[in-house]
Structure formats: structure tokens, C-alpha cells
Amino acid sequence: MAAAGENMRINADRLWDSLEEMARIGPGLAGGNNRQTLTDEDGEGRRLLQSWCEQAGMTMGVDQLGTMFFTRPGTDPDALPVYVGSHLDTQPTGGKYDGVLGVLGALEVVRSLNDLGIQTRHPIVVTNWTNEEGARFAPAMLASGVFAGLHELDWALARTDATGKVFGEELKRIGWQGDETVGARQMHAFFELHIEQGPILEAEGRDIGVVTRGQGLWWLQITLTGKDSHTGTTPMLARRNAGLGMARIMELVHAIAINHQPDAVGAIGHVEVFPNSRNVIPGKAVFTIDLRSPDKDILDAMKYRLEEEAPRIAESLNLGYSLEVTGHFDPVLFDETCVNAVRNAAERLGYSHRDIVSGAGHDACWINQIAPTAMVFCPCVDGLSHNEAEAITREWAGAGCDVLLHAVAETAVIVSD
Ligand code: HGY
Ligand code: MN
Ligand code: MN
């Protein structure tokens with residue numbers, strides 16, 4: 001006789017329809033999404049999620065950073081809830097599935113438990129974390145970082161975007177500043193379903209990634225100051241060219257990462273040169289550096305080498321130099337019991353799977369510091385993400401959500417009738 005819930009499956013068509021409907025909010029210019037955090041489009045997506053979750057019988061709580069929590073009661077009101085979710089905010093040229101699959105997959109878990117009439121001892125809480133991407137307001141995973149005690153609330157509320165808009169004011173403007181104290185909620189466990197955002201699962205023909213670890217990262221910002229001057233008349237050796245300094249530091253970042261293959265990565269993603277005029281030598285350059293590795297010693301060695309060599313490049317070009325750390329977390333080891341629940345679910349369901357390290361940061365990376373946490377990955381086409389062409393298949397989404405359903409139900413403890 002099958003154990004209660006052993007053959008549970010989610011409704012993959014319903015999940016896919018929800019993904020498609022959410023994707024119509026904040027459409028990009030090339031088929032993806034531009035639903036950046038705390039924009040009107042984010043507010044609209046939040047309202048849609050709220051309506052769906054309330055239709056599924058859940059009650060909403062919102063904290064001071066706008067993170068949304070939807071509770072499905074358990075049979076034991078004193079049991080700590082199992083939280084499950086991800087983020088609805090996207091990159092400016094983001095895909096339809098990064099984060100969104102994890103939030104709507106969590107909703108599908110509850111919808112399926114409702115359909116199956118299955119109760120769990122622990123409550124289940126569907127979660128949408130505010131500002132995971134960190135594209136508009138740095139750093140990434142801002143709300144989950146405050147929730148886990150890594151950042152102060154007031155520091156987060158005071159973050160500004162490139163136009164000077166303030167996080168707390170934007171949160172109020174879209175009507176999503178709640179009154180719950182950030183981090184007051186206690187968790188029995190947290191699970192996050194996410195696309196891999198890399199090429200491994202698809203290349204190996206695997207349905208599921210059992211995420212055992214997440215790489216650590218350093219986010220830094222460098223400002224170089226030279227002198228605006230005429231590109232036609234200023235002698236080459238008299239120039240103080242901040243753009244040239246940025247180019248040489250870009251090469252340095254690449255060389256540092258290449259020096260620690262196969263796992264380390266490094267790039268400069270956001271650049272601003274001033275005055276950004278075709279016939280003026282840039283007198284100022286401001287740019288962000290993203291260094292990552294699953295190995296803490298390597299990660300810190302990369303940062304050290306950058307901090308040693310970048311100022312020398314600036315000095316050689318007679319440039320002013322300043323560096324600011326804008327984000328950091330050490331490599332993450334997820335909770336063994338939760339990871340086993342994911343792996344056992346994939347086994348039980350007959351899905352091919354492999355252990356995998358997350359290259360991207362996720363809210364789960366922070367929440368893992370305060371509660372037992374694990375992630376489920378599904379493949380994505382060509383491993384492409386943070387690109388409007390990001391794509392997954394209905395089957396991949398369904399398999400990932402089936403595994404999420406089983407891992408969450410097992411951890412929340414099914415109460416047979
Ligand atoms: O940057 C990251 O790794 C995540 O996608 N925010
Ligand atoms: Mn994400
Ligand atoms: Mn992302």
C-alpha cells in the first residue's frame with residue numbers, strides 16, 4: 001500500500017498557465033520580462049499573486065520590506081511552518097522563469113495539496129521575497145538578507161536606485177509596505193525551486209538538480225577619476241583616461257577568474273562613464289565587479305588580488321581610485337536533511353537527477369543561515385538566464401514542481417485522514 005501522498009503530482013498545465021499569465025505583467029521588449037522591484041509592474045504582479053493565493057484559501061502577511069507570506073494552516077498550529085518560495089522581481093531584460101517559477105511553483109504545491117485533500121502537520125507558507133535581483137536596488141537578496149540578519153532594516157529602506165529613488169519610498173508608493181517585523185517569523189524549513197541558470201542539467205539530460213551548495217560572491221564597485229578633455233587635441237601621454245583604466249581593470253577581473261578554473265567566475269556588469277560623449281575623454285568611470293567561487297579561500301584570494309592590482313592600474317594612468325564593497329556572502333552548504341528530501345523525492349518520482357552547486361545567488365542562500373534550507377533546480381534552455389530569451393519546457397517545470405511538492409509535504413509531515 002502506497003504511503004500517503006506517495007504518488008502525488010502537481011497540475012503541470014495549471015502551473016504553466018500561471019507562469020504565462022504572470023509573464024504578461026511587465027513584458028520585456030524581446031519576449032521576456034522587465035518587472036523590476038518596486039515598480040508599478042511589480043505591484044501588479046504582487047496583486048495577482050495575492051488573488052491567486054487567497055483563492056487557494058491562504059491568508060496573507062506582509063513585512064516592512066514588502067515580502068509576502070501566504071499561510072496554508074497545518075493540523076498543529078504550534079508547529080513551525082515550512083516556507084516555500086522565491087522572487088517575482090526580474091532583471092531589466094529578464095526571463096519569465098527566474099524566481100517566478102519558484103513562487104508560482106510554491107502556489108502550485110498548495111493548490112495540489114488542496115485538490116488532493118492532503119493535510120500536513122506543519123503549516124505551509126508561500127513566500128515572495130522583495131528585491132532578490134538587486135538590479136535596481138543593490139545588493140541582491142536584500143529583503144531575505146535583512147530577514148536573515150545580514151543587513152539592517154533602515155539600511156535597506158535607504159537604498160537608492162540609479163535615478164536617486166529611495167527603496168522605502170518606492171515600497172510605500174506601490175502600496176506594499178507591510179507592518180510585520182522583518183525576520184520575526186520562525187521557520188521549520190525553507191525550500192526554493194529555481195531554474196539552474198546554467199548549462200549542466202540540459203547538457204547531461206537530467207530532469208532535476210539537487211542543490212547541495214551555492215557559490216559565494218563578492219560584489220564591489222570601483223570609481224576612477226581622471227580628467228575630461230578633447231579626444232582630438234589632448235596628447236596621448238597627457239591624458240587621464242578613466243575609460244582606459246576601466247578597460248584594463250576589466251581585463252584584470254577576467255584574468256583573476258580564469259586563473260581559478262574550472263569553478264571561479266568574474267565579470268564587470270554595470271558601467272557608467274562620464275560625460276559619455278563621443279569626443280570627450282572620460283574623466284570618470286564607475287563600474288561593478290562580480291566575483292564568485294564555491295571555494296571560500298579562492299573567493300577571498302580573488303578579491304585580495306583585485307584590491308592589490310586595481311589601484312596600481314589606476315596609479316599608472318594618473319587616475320583617482322576608490323572601491324566600495326556592495327555585497328558579499330560566503331559559499332553556502334545547504335541542510336543535509338532538506339537536501340535528502342529533495343533527492344529522495346526525485347528518486348521516488350523516477351526523475352533523473354544529479355547533485356549540483358548553484359552558480360547564482362538566491363534568497364535560499366541567506367535563509368540557509370537561519371533555517372534548514374534546500375533548493376530544487378530544473379534545466380533551462382542553453383543554460384541561458386538574465387536574458388529575455390530564457391526558456392524552460394513545461395515538462396521541466398512540472399518535474400521540478402513535483403519534486404518540490406514531495407520535499408515540502410515530507411518535511412511538513414502529511415497527516416493521513
Ligand atoms: O546575482 C544573482 O546571482 C542572482 O540572480 N540575483
Ligand atoms: Mn533568481
Ligand atoms: Mn536572477
Side-chain angles (χ1 to χ4, degrees), residues 19 22-23 26 28 32-37 42 45 67 84-106 127-146 148 150-151 156 159 190-198 209 211 213-221 257 263-270 288-294 299 325-332 356-368 373 375-380 383-392 397 400 404:
L19 287 165
M22 181 61 75
N33 273 115
N34 178 9
R35 192 173 55 244
Q36 296 183 65
T37 197
D42 182 19
T67 294
V84 50
S86 188
H87 62 92
L88 287 179
D89 67 308
T90 75
Q91 287 284 331
T93 53
K96 301 190 284 190
Y97 309 104
D98 171 2
V100 186
L101 176 64
V103 176
L104 300 187
T127 306
N128 171 34
W129 296 104
T130 300
N131 194 38
E132 187 281 340
E133 288 296 351
R136 183 182 176 197
F137 295 101
M141 295 90 82
L142 182 60
S144 53
V146 175
L150 282 303
H151 306 306
R159 308 301 289 158
F190 176 68
F191 289 91
E192 181 169 3
L193 168 63
H194 206 286
I195 61 172
E196 178 198 342
Q197 300 180 296
V211 188
R213 292 187 298 145
Q215 61 181 354
L217 70 82
W218 281 104
W219 275 11
L220 309 111
Q221 178 165 296
D263 294 325
V265 291
I268 288 176
H270 181 101
T288 63
I289 294 156
D290 183 327
L291 298 172
R292 307 194 194 198
S293 169
L299 180 66
V325 173
T326 54
H328 171 245
F329 59 82
D330 287 338
V332 170
I356 196 167
V357 177
S358 174
H362 302 284
D363 295 309
C365 296
W366 280 146
I367 301 307
N368 183 61
T373 297
M375 295 189 74
V376 184
F377 273 359
C378 78
C380 55
L384 187 64
S385 183
H386 287 193
N387 182 305
E388 291 205 47
E390 178 184 281
I392 62 174
L404 185 71

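Order of listing sets the numbers, starting from 1, for every ligand and every atom in it. This structure is a prediction, so every number in the text was calculated from the model and none was measured.
With contacts defined as side-chain heavy-atom distances shorter than 4.5 Å, the pair M141/H362 does not qualify. Two residues are said to be in side-chain contact when any heavy atoms from C-beta on lie closer than 4.5 Å; H194 and S86 meet this criterion.
Here the side chain of R292 pairs no donor or acceptor atom with the backbone of A264 at under 3.5 angstrom. Formation of a donor-acceptor pair under 3.5 Å by the Q215 side chain with backbone atoms of G359 is found in this model.
A donor-acceptor pair shorter than 3.5 Å cannot be found between the side chains of N33 and T90. Under 3.5 Å, the side chains of N131 and E133 contain no donor-acceptor pair of N or O atoms.
Closer than 4.0 angstrom to ligand 1 by heavy atom are E132, E133, A140, W219, R292, A360, G361, H386, sorted by chain and number.
If you look at H194 and ask which of its N, O or S atoms sits nearest the Mn ion (ligand 2), the answer is NE2.
Around the Mn ion (ligand 3), the protein atoms of type N, O or S found under 2.8 Å away are D98 OD2, E133 OE1, E133 OE2, H386 NE2, listed by chain and number.
In this structure H270 satisfies the side-chain hydrogen bond (donor to acceptor under 3.5 Å, both in side chains) test with no other residue, sequence neighbours excluded. With sequence neighbours excluded, the residues satisfying side-chain hydrogen bond (donor to acceptor under 3.5 Å, both in side chains) with D89 are H87.
For the residue pair L101 and A397, the shortest heavy atom distance occurs at CD1-CB, 4.0 Å.
The residue from T326, T288, D290 that alone fulfils the side-chain hydrogen bond (donor to acceptor under 3.5 Å, both in side chains) condition with W219 is D290.
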